[in-house]
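Here the structure is a predicted model, which is why all the values come from computation and not from measurement. No hydrogens, no waters, no symmetry mates; every other heavy atom, side chains included, goes into these values.
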Amino acid sequence: MKVLIANRGEIAVRIMRGCREMGLPTVAIYSDCDRLAPHVRYADEAVALVANEPAGSYLHIEKILAAARRTGANAVHPGYGFLAENAGFAQAVVDAGLRFIGPPAGVIELMGGKTAARAAAGGAGVPIVPGSGGPLPDGATDADLREAGDAVGYPIFVKAVAGGGGKGMRLVREPEELPRAIQGARSEAASAFGDGDVYLERCIERGRHIEVQLLADEHGTVVPFVERECSIQRRHQKVIEETPSPVVGIETRRALAASAARLAEEVGYTNAGTIEFLLDDADNFYFLEMNTRLQVEHPITEMVTGIDLVRWQLRVTQGERLDIDPERALAPDGHAIECRVYAEDPNAGFMPCPGLIRTHRPPEGPGIRVDSGVEAGFEVPVHYDSMVAKLVAHAADRRLAIDRMQRALAEYDIGGVPTTVPMFRWLMGHEDFIAGRFDTTFLDRVLAGRNGGAFLDPPDDAEELAVMAAALSVALGRPGSEGVSAGGAEASGRWKQAARVAGLR
Amino acid sequence: MKVLIANRGEIAVRIMRGCREMGLPTVAIYSDCDRLAPHVRYADEAVALVANEPAGSYLHIEKILAAARRTGANAVHPGYGFLAENAGFAQAVVDAGLRFIGPPAGVIELMGGKTAARAAAGGAGVPIVPGSGGPLPDGATDADLREAGDAVGYPIFVKAVAGGGGKGMRLVREPEELPRAIQGARSEAASAFGDGDVYLERCIERGRHIEVQLLADEHGTVVPFVERECSIQRRHQKVIEETPSPVVGIETRRALAASAARLAEEVGYTNAGTIEFLLDDADNFYFLEMNTRLQVEHPITEMVTGIDLVRWQLRVTQGERLDIDPERALAPDGHAIECRVYAEDPNAGFMPCPGLIRTHRPPEGPGIRVDSGVEAGFEVPVHYDSMVAKLVAHAADRRLAIDRMQRALAEYDIGGVPTTVPMFRWLMGHEDFIAGRFDTTFLDRVLAGRNGGAFLDPPDDAEELAVMAAALSVALGRPGSEGVSAGGAEASGRWKQAARVAGLR
Amino acid sequence: MRVEVEINGKVRDVTVERDRVRPARVRISWDGTTRDVDARIVERDRDGMLLSLVDVGTAASSRRVRCVAAGRNGLTELHLGDVVVEAVINGRRLAADSPGEAAAGASRLTAPMPGKVVRVLVAPGDQVEARQPLVVVEAMKMENELTAPKAGVVTEVPVTEGMSVESGRLLAAIE
Amino acid sequence: MRVEVEINGKVRDVTVERDRVRPARVRISWDGTTRDVDARIVERDRDGMLLSLVDVGTAASSRRVRCVAAGRNGLTELHLGDVVVEAVINGRRLAADSPGEAAAGASRLTAPMPGKVVRVLVAPGDQVEARQPLVVVEAMKMENELTAPKAGVVTEVPVTEGMSVESGRLLAAIE
């Protein structure tokens with residue numbers, strides 16, 4: 001099998017590492033601005049896509065298939081993002097006579113539709129968020145509505161069937177408020193969408209994002225893994241993941257795993273995939289959606305189970321049978337945490353910061369795994385996601401994993417662009433994070449409460465040290481000390497800040 | 001606790017990482033040539049030893065204690081090598097009112113003496129290599145000698161009591177040869193050492209070096225770990241270690257562990273230590289010696305057990321109780337292999353190659369741990385051991401760990417000095433290594449059989465690629481292309497080689 | 001050698017003396033403070049250097065400082081672990097970028113990278129606070145709130161929702 | 001541009017033509033072979049550069065080559081993964097270090113680093129083979145066998161067992 005990796009950055013390198021360990025040759029594709037990206041050098045062969053915008057490069061199905069033809073690649077790994085959940089791409093790959101390293105196109109299609117996926121989950125007996133199931137009848141009396149509300153359970157979201165963007169939506173905590181809220185939502189929805197239909201859905205408060213990784217072969221075996229906790233999100237984007245969850249007990253773990261496996265079996269799933277759930281504070285969980293691909297956060301599962309998910313993706317694609325001990329997959333050895341390091345300025349509203357990576361020395365030593373997609377000399381392009389590396393810490397328990405992550409974050413020497421490292425250092429010291437007390441709204445809430453201060457306090461001797469270093473940078477013969485480059489002036493306008501001492505990193 | 005690390009290189013950094021994860025401040029010591037070594041920057045404080053030779057620096061007890069006094073360090077970690085097994089140093093540390101992170105001086109002293117250690121092992125019921133126990137009586141008849149020989153078992157080494165360097169030593173395979181061999185050994189010993197006394201010891205052929213890591217607290221708890229296989233040695237120096245051993249079954253594992261624990265209990269051992277055994281091909285094992293310190297190869301045990309040995313050293317020193325599950329310590333999760341990367345030229349008799357590290361990009365990704373003691377810009381000094389890094393691969397089984405190690409070795413980008421990486425790549429592909437068919441003489445034998453060829457075959461397109469790169473290095477504007485530096489000329493004389501294509505790395 | 005170092009708005013007159021016998025050993029003095037330090041350049045690149053400083057006076061502190069000659073504000077950046085301190089050395093600072101500028105006169109908010117305007121939150125005539133979000137631009141798979149560089153009145157908002165913008169394009173002006 | 005490249009004793013006259021529109025695209029020809037390559041410098045240091053070469057002709061091979069301007073033999077080293085190829089570019093080679101030298105005339109074996117002589121294995125007048133061990137020096141915690149640079153007769157062994165030697169000290173001479 002010769003594998004074309006239809007992706008870029010750290011995940012392309014991760015997949016190539018898996019291929020190389022199996023002796024499989026690899027083909028990279030690259031956009032113009034990625035010519036110097038590490039994934040191009042890691043591959044045995046590389047084909048230029050001659051474009052930058054995703055639509056003309058990593059999303060361009062015809063170019064990708066042409067690259068496979070040119071190099072004789074007979075399998076395509078989509079990674080995550082880009083075309084990874086595009087059923088049309090999966091089908092085009094198969095139609096071109098190549099193997100698609102992922103589930104069948106039909107399954108991607110099915111699980112990609114919210115309502116179809118929800119129906120499939122319901123059909124497999126997997127809990128979904130309780131609701132009225134369909135629009136409330138127009139002529140319902142207040143008593144009918146209160147009855148429907150009681151059946152769903154409070155708090156309740158009244159949602160417009162045609163809704164979106166929060167319009168025609170009401171949160172109701174008390175049964176007596178329900179009829180009036182429905183009335184308001186109906187009229188808002190009617191004026192916004194020309195459709196006054198509304199339905200009821202239970203509001204899961206303080207919900208945690210819990211997900212179950214699974215592997216499935218082509219012979220009917222499905223293996224679910226110990227859950228991942230992904231509630232630390234910024235604007236619905238995961239930034240820290242860990243496994244196991246600090247709040248999931250063994251019974252809930254088994255119930256989650258069984259649900260995930262049932263759903264995967266129901267839909268004929270193969271290869272690697274993840275089922276996402278919302279967990280409430282009474283240990284009830286509800287199906288959210290399925291990701292029909294490898295996920296960003298797969299390394300934490302690999303670290304606590306010792307199972308190589310990418311290798312299994314490749315093996316399953318070759319028709320091999322899963323021979324993983326299902327008990328091992330559910331029994332985490334220790335605890336693993338991943339921080340997604342983005343080229344963003346945490347002190348300027350997490351603005352993405354494309355630019356040249358001047359220094360890149362990732363941490364090393366016990367329990368640390370780094371999957372990076374950059375090297376010094378590479379310029380983070382403006383065209384894609386700004387993630388530069390994933391930093392994973394593994395230790396005997398959660399507390400030790402946090403301590404280890406703190407140590408590794410402090411070691412991480414990345415220069416040229418600001419990154420989210422200072423925010424992670426702050427978060428690893430946050431008492432609620434340490435206590436495991438958080439839900440999906442936690443990070444946005446605590447960030448909003450910070451009012452823009454620096455994430456890290458300068459060390460006691462910071463000012464003294466800065467005075468000395470500044471003087472020495474001249475006295476020891478600073479190159480370029482006689483002329484500050486214009487490039488510096490240009491760049492600086494973007495990030496103007498009054499604060500002169502700041503945890504920019 | 002504030003910890004002075006009385007060592008250098010990768011082990012100093014490893015210990016500081018452990019301290020930092022526990023929030024303990026650290027003090028480095030450094031010789032003149034180590035001023036730019038990473039361990040100096042990793043520490044919170046650093047004290048110059050103002051010398052280079054070990055005797056004036058890392059072996060200078062008074063200077064080290066003065067550094068502790070100056071910085072207020074109240075504990076000393078000796079690492080391995082240098083003063084790690086010096087009972088006088090351990091005692092001096094305690095006499096200075098500091099904690100020594102290791103066993104009591106008396107235990108170091110006891111286990112440091114070969115005969116005393118052997119006696120202690122015998123006393124604890126740990127097998128030792130069978131022998132006559134003392135010198136053979138002078139007037140013994142041939143029949144007496146043959147009887148003594150039968151009691152020891154063949155093959156037998158006749159060894160001079162005062163012996164050394166192979167003088168007065170004979171290997172005997174057949175009982176009828178024994179009397180004549182004893183006679184010859186006696187006369188050789190008498191003329192070489194002025195003492196003709198000889199004794200008999202069983203020769204363990206095809207022996208494997210198997211060792212048992214253990215931790216012991218100050219409250220009487222001893223925890224032995226799954227064995228390490230360290231038979232891949234070059235001139236009695238370990239270069240590759242792995243765990244578990246490919247040939248040790250569960251019963252032998254338990255017997256080894258029980259023996260090691262008994263001996264540690266017998267001598268009142270505390271902190272981390274390792275008991276080394278020779279294992280014959282009938283699964284009999286014999287005590288060799290005890291290392292009363294942390295070992296170079298401790299990471300492989302950490303990787304398969306998830307237990308942080310350095311952290312436990314620090315905790316035990318603070319009086320804490322071991323609460324490790326002993327079954328976990330004996331049940332390896334997967335397989336781990338360590339390669340010791342030395343700055344040596346494998347194509348020139350493994351000559352150590354001090355010099356400037358110009359590039360240092362260690363591998364990363366799944367299952368890889370790197371503990372390095374260098375960074376780009378650091379000059380490997382001539383005064384100490386030439387190890388630059390330890391590369392560890394961990395995977396679900398031995399075959400996968402080998403594949404992973406191959407991948408990581410190929411990724412390792414280290415420039416400026418030749419290293420043993422090409423030899424490791426060759427060895428990972430050697431059929432006897434892959435099959436686990438080796439003993440302590442294996443590596444020296446296969447190296448001797450190679451007759452100095454390159455370790456790696458150049459890729460098919462090597463010459464073509466070299467032609468292109470050479471031309472491009474000029475055409476793209478090679479800096480310094482107009483003048484080769486004198487430094488290059490000086491250095492080159494040392495390593496003159498006729499081979500123009502060679503796996504130097 | 002004398003160097004003028006301005007940090008946090010305070011100017012220090014710093015004297016650096018090298019030991020003649022051991023040139024890596026320097027005595028640094030300013031404002032009545034004196035430090036004896038073993039100072040080494042671990043590595044240099046075109047943007048600056050990595051310094052290793054070991055106090056050889058009464059303390060023994062070991063510190064690693066990355067100096068970037070022209071940092072993001074056109075100043076010298078001193079990276080002390082995760083914390084960055086900015087310094088003006090010998091009065092050198094890019095005039096267009098003086099921190100005072102943001103507080104007075106007209107301020108222009110420009111697009112830091114190519115992207116798509118997804119929300120416009122203010123209109124000309126609006127009174128805004130410093131750091132108040134003005135425009136949301138989607139770029140690099142993220143929605144980015146671009147905030148007011150200073151308090152004032154919005155004079156111009158030459159973009160609309162859905163518009164693609166190039167890097168440097170004016171998004172809003174404040175007076 | 002024409003470059004003379006000598007590898008494995010064979011000299012090639014190599015022509016490098018840059019594409020005018022896409023300067024990173026080069027056509028490299030020698031001895032009837034022609035390759036179209038996208039050639040980039042990933043990074044430079046004072047010793048050389050890291051090249052990334054992607055074949056844009058019929059093949060698509062992607063290769064990483066580290067070029068070291070003055071390698072250990074005074075030649076240009078081309079690191080192809082783990083394998084190193086040495087080249088003489090435009091006839092430049094350090095005369096004192098030409099590989100031919102080892103094969104002819106007197107050869108001197110010197111200490112590559114400071115150490116202690118632990119064994120002397122030959123005496124003046126001994127006939128030795130190339131690569132035969134002559135002296136064992138202990139340095140960097142290792143016993144290092146220093147071998148004959150060529151076959152011949154030992155003319156001088158100015159060291160004895162137990163002697164400390166400095167780097168560059170003559171250990172043996174062969175004629």
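In this structure, CG on D:Asp55 lies 9.0 Å from CD on A:Glu45, to the nearest 0.5 angstrom.
Using modelled atom types, one side-chain atom of A:Arg35 and one backbone atom of D:Asp38 make a donor-acceptor pair closer than 3.5 Å.
Using a 4.5 Å cut-off on side-chain heavy atoms (C-beta onward), A:Phe378 and D:Val42 make no contact.
Proximity to chain A at a heavy-atom threshold of 4.5 Å picks out nothing from residues 20-30 of chain D. Within residues 57-67 of chain D, the residues having any heavy atom less than 4.5 Å from a heavy atom of chain A are, in residue-number order, D:Gly57, D:Thr58, D:Ala59, D:Ala60, D:Ser61, D:Ser62, D:Arg63, D:Arg64.
Only the backbone of A:Ala43 has a heavy atom closer than 4.5 Å to any heavy atom of chain D. Interface residue A:Val40: backbone and side-chain heavy atoms are both found under 4.5 Å from chain D. In this structure, chain D has a heavy atom under 4.5 Å from the side chain of A:Arg70, while its backbone stays farther away.
Shown here is D:Lys116, whose NZ atom has no more than 12 heavy atoms of other residues, nucleotides or ligands within 6.0 Å.
Among A:Leu36, A:Asp44, A:Thr71, the residue with the largest count of heavy-atom pairs under 4.5 Å with chain D is A:Asp44.
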